[in-house]
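Quick notes on the structure that follows.
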Amino acid sequence: MVIPEEKLKKLVVDPGYIATGDFEEAKEMAEEKGVSIDRLLIDKGLIDDENLGRIISDSIDFPFISLRKANIEEISDDLLEYIPEVVAHSQRAIVFKEEKGVLFLATNNPDNYEFIKHLEKTTGCKVEVYYATPYTIDMALRRYSGDLEREARTLIEEIKKNPNSAEQTVVQLINLLFEHGYANVSSDIHIEPLEEKCIVRFRVDGTLFRVLEYPKELHSRMVSRIKILSRLRTDEKAAPQDGRFDHKVENGGEVDVRVSVLPTTEGENVVMRLLMQQGKRFTIDSLGLLDDDLKKLKKNAKKPWGMIMVVGPTGSGKTTTLYGVLQLLNEPSVNIMTVEDPVEYNINGVQQTQVNVKKKLTFATGLRSIVRQDPDIIMVGEIRDEETVNMAVDAAMTGHLVLSTMHANDAATAFPRLLEMKVEPFLIASAINVSIAQRLVRTICESCRESYFLTSEEVEEISEDKNFVEMVKVISGKKDIMKVRFFRGKGCDLCEDTGYEGRTSVFEVLEITEALRKLIGEKSSSDAIRKKAMEEGMTPMVYDGISKALLGVTTIFEVRKVAKS
């Protein structure tokens with residue numbers, strides 16, 4: 001580590017970046033795992049990688065380099081030749097640029113003077129040293145290994161030359177998928193059998209990208225290896241199976257892998273959800289809520305009892321929102337307990353329980369046990385059935401704050417959905433404090449963002465939804481939509497020429513008022529509830545989305561795709 005632990009503690013604790021207790025807990029865990037404290041602070045999500053890098057670089061008087069994906073991809077083979085691969089890994093250093101006889105060196109050990117002088121002597125160049133975080137150095141050092149397709153092709157050729165090595169090589173191939181999936185911040189890895197070959201796709205920022213294909217004859221070995229890791233039956237090929245395992249990537253990161261295997265006509269289809277701890281620290285302020293909606297959510301989160309319901313389809317970020325609320329409420333004076341499927345990210349100070357159907361631990365049975373544990377706040381990962389919802393409502397009515405999610409199209413539709421589960425309307429009206437609907441939209445890449453005006457063809461495309469167009473005009477204050485300035489990404493190395501990098505949420509927050517309680521108690525339709533909520537100031541999801549499109553956060557077409565008017 002580049003600075004002593006006590007100095008690092010002063011740098012991050014005294015200004016308030018990290019709480020003293022969190023730092024001490026991370027320090028103990030780092031000692032147990034045999035990793036550096038700075039790496040663990042990032043992996044636990046206590047501080048952003050780049051923020052920590054800048055803090056450390058300022059304290060050691062070396063300039064900071066943020067080795068983002070674009071910088072790393074610009075590291076050519078010629079630059080890699082200045083430092084042999086083995087030396088680069090051992091010295092934690094890589095040349096990322098050359099200019100007029102000067103080598104620009106990124107390292108997380110910048111006071112390694114002996115190595116730096118040796119590099120100047122062997123290359124005949126002056127060396128400018130920059131501090132980079134361990135995480136980004138790990139990413140940069142992957143340049144020595146090449147890309148996924150090339151590495152996989154080498155392994156597949158090895159199997160053809162030496163069939164006896166197939167088993168071990170398949171292990172390497174599976175590990176390779178995890179390494180690249182982790183490096184690309186993929187949420188899922190899909191392994192799909194086709195008629196003559198198999199393909200691998202990564203889901204990044206909600207979109208699937210084809211990254212690899214391999215011969216069909218390898219597929220049974222690939223699936224068997226994944227089943228072994230997941231402790232599934234390797235002899236069962238006709239029934240669906242679900243499992244999980246933990247995987248440690250080369251740079252020290254950890255991935256919790258959730259596996260689903262499904263028989264298809266062409267073979268077994270495998271989808272692996274990657275739950276990565278690195279950089280995950282959810283705060284309610286970082287969710288992307290509009291100021292008024294954020295105030296409503298915070299106000300209702302501070303109530304001692306009642307329910308906060310977050311609705312939307314699978315993969316819309318509902319759990320992330322609940323984790324943000326939990327972070328706000330997580331104090332030593334309260335007892336917070338959850339029952340989840342799966343426990344996606346661990347939160348210090350919160351007792352989290354994983355659903356296990358084989359052990360007869362369901363949402364309902366877990367919730368029944370939790371209420372006996374003297375909780376103040378309860379999070380139920382998802383409401384799926386009558387037993388769970390009735391217990392959740394009962395808990396909300398008897399002095400507990402209950403957080404949960406449910407599948408529904410919008411905030412108002414949550415109430416008819418609860419009626420379908422045979423909850424009494426007066427209980428729904430009394431128990432629910434706020435209903436939040438959300439969707440995820442891709443955010444425009446900051447490196448290649450540009451403003452532009454819609455073409456006539458694009459205007460024609462979005463004009464199919466007249467309500468949508470009228471709302472754009474109202475929010476923008478323009479009478480002619482062709483005079484509204486929008487934003488898009490041109491495409492660059494950083495975003496793989498997609499124009500997007502990362503995702504954010506669009507929301508609508510329906511706070512329950514007396515007028516709405518009356519409508520809910522009368523079993524009014526979702527349309528009537530929605531209309532009344534908007535009269536009382538609810539910002540519809542499409543309004544939130546259009547506002548973010550006009551600010552350059554996302555594109556108007558992303559908003560139109562996920563948020564109906």
Side-chain angles (χ1 to χ4, degrees), residues 187 203-209 286-294 311-318 320-321 408-413 436-510 530 533-534 537-565:
S187 61
R203 186 179 293 279
V204 180
D205 294 335
T207 302
L208 282 168
F209 295 94
S286 66
L287 295 174
L289 286 152
L290 296 174
D291 287 344
D292 286 346
D293 288 342
L294 182 60
V311 303
T314 301
S316 59
K318 300 187 296 294
T320 301
T321 298
N409 288 331
D410 54 46
T413 309
I436 304 166
Q438 70 179 87
R439 299 287 190 280
L440 288 176
V441 292
R442 291 181 291 172
T443 51
I444 299 171
C445 173
E446 292 182 5
S447 297
C448 62
R449 179 169 53 200
E450 65 175 8
S451 64
Y452 77 111
F453 295 100
L454 295 177
T455 65
S456 55
E457 290 81 7
E458 289 173 327
V459 170
E460 186 178 346
E461 182 182 340
I462 68 169
S463 294
E464 293 173 4
D465 186 340
K466 289 185 170 40
N467 291 335
F468 185 84
V469 173
E470 286 305 311
M471 193 168 288
V472 171
K473 292 177 182 178
V474 169
I475 297 170
S476 66
K478 303 282 186 180
K479 293 183 179 180
D480 185 352
I481 195 169
M482 294 193 74
K483 293 181 180 178
V484 179
R485 186 178 294 276
F486 291 106
F487 295 84
R488 64 187 174 192
K490 290 187 294 185
C492 64
D493 289 337
L494 179 63
C495 62
E496 305 279 3
D497 289 321
T498 63
Y500 296 97
E501 187 190 25
R503 289 189 289 178
T504 191
S505 296
V506 289
F507 295 93
E508 62 183 28
V509 178
L510 191 159
R530 180 179 178 80
M534 289 177 66
M538 183 187 80
T539 302
M541 192 187 303
V542 67
Y543 186 103
D544 185 10
I546 292 170
S547 299
K548 286 171 179 168
L550 293 172
L551 290 171
V553 176
T554 187
T555 66
I556 195 66
F557 295 100
E558 275 288 294
V559 174
R560 183 170 176 266
K561 184 171 68 175
V562 303
K564 67 177 184 178
S565 58

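None of these values were measured; they are calculated from a predicted model.
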Polar side-chain atom of [X] near backbone of [Y] as donor-acceptor pair, under 3.5 Å:
X: Q438; Y: G317; value: yes
X: E458; Y: T455; value: yes
X: K490; Y: E450; value: no
X: K318; Y: P313; value: yes
X: E508; Y: A411; value: yes

Distance check, rounded to the nearest 0.5 Å: [X] atom [atom1] versus [Y] atom [atom2]?
X: I475; Y: S547; atom1: CD1; atom2: OG; answer: 4.5 Å
X: T443; Y: E558; atom1: OG1; atom2: CD; answer: 9.0 Å
X: R503; Y: T554; atom1: CZ; atom2: OG1; answer: 11.5 Å
X: I481; Y: F468; atom1: CD1; atom2: CZ; answer: 7.5 Å
X: R439; Y: F507; atom1: CZ; atom2: CZ; answer: 11.5 Å
X: L287; Y: L294; atom1: CG; atom2: CG; answer: 8.0 Å

Would you indicate whether the side-chain heavy atoms of [Y] and [X] approach each other to under 4.5 Å?
X: V474; Y: Y543; value: no
X: S451; Y: F487; value: yes
X: T504; Y: V441; value: yes
X: F557; Y: R488; value: no
X: L454; Y: I462; value: yes
X: L550; Y: I546; value: yes
X: S476; Y: R485; value: no
X: L440; Y: V562; value: no

I need the minimum non-hydrogen distance between [X] and [Y], along with the two atoms involved.
X: G499; Y: C448; value: CA-SG, 4.3 Å
X: G489; Y: I444; value: N-CG2, 3.6 Å
X: T555; Y: Y500; value: OG1-OH, 2.9 Å

request  = Taking atom CG of D291 as the centre, report whether more than 12 heavy atoms of other residues, nucleotides or ligands fall under 6.0 Å from it.
outcome  = no
E464/R560 salt bridge by N-O under 4.0 Å criterion =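 The answer is yes: the pair qualifies as a salt bridge.
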key: Presence of salt bridge, R449 and E446, under 4.0 angstrom   = no
request  = Mind jotting down which residue pairs meet the salt bridge (Lys or Arg N to Asp or Glu O under 4.0 Å) criterion with at least one end in residues 542-553? Sequence neighbours excluded, please.
outcome  = D544-K548
request  = Please test V311 against T413 for side chain to side chain contact (heavy atoms under 4.5 Å, CB included), starting from the C-alpha separation and ending with a verdict.
outcome  = CA-CA 9 Å; V311 303; T413 309; over 6 Å; no
key: Worked verdict on D293 versus T539 for side chain to side chain contact (heavy atoms under 4.5 Å, CB included)   = CA-CA 8 Å; D293 288 342; T539 302; 4.1 Å; yes
ask   = With T498, which residues qualify under side-chain hydrogen bond (donor to acceptor under 3.5 Å, both in side chains), at least two apart?
value = none
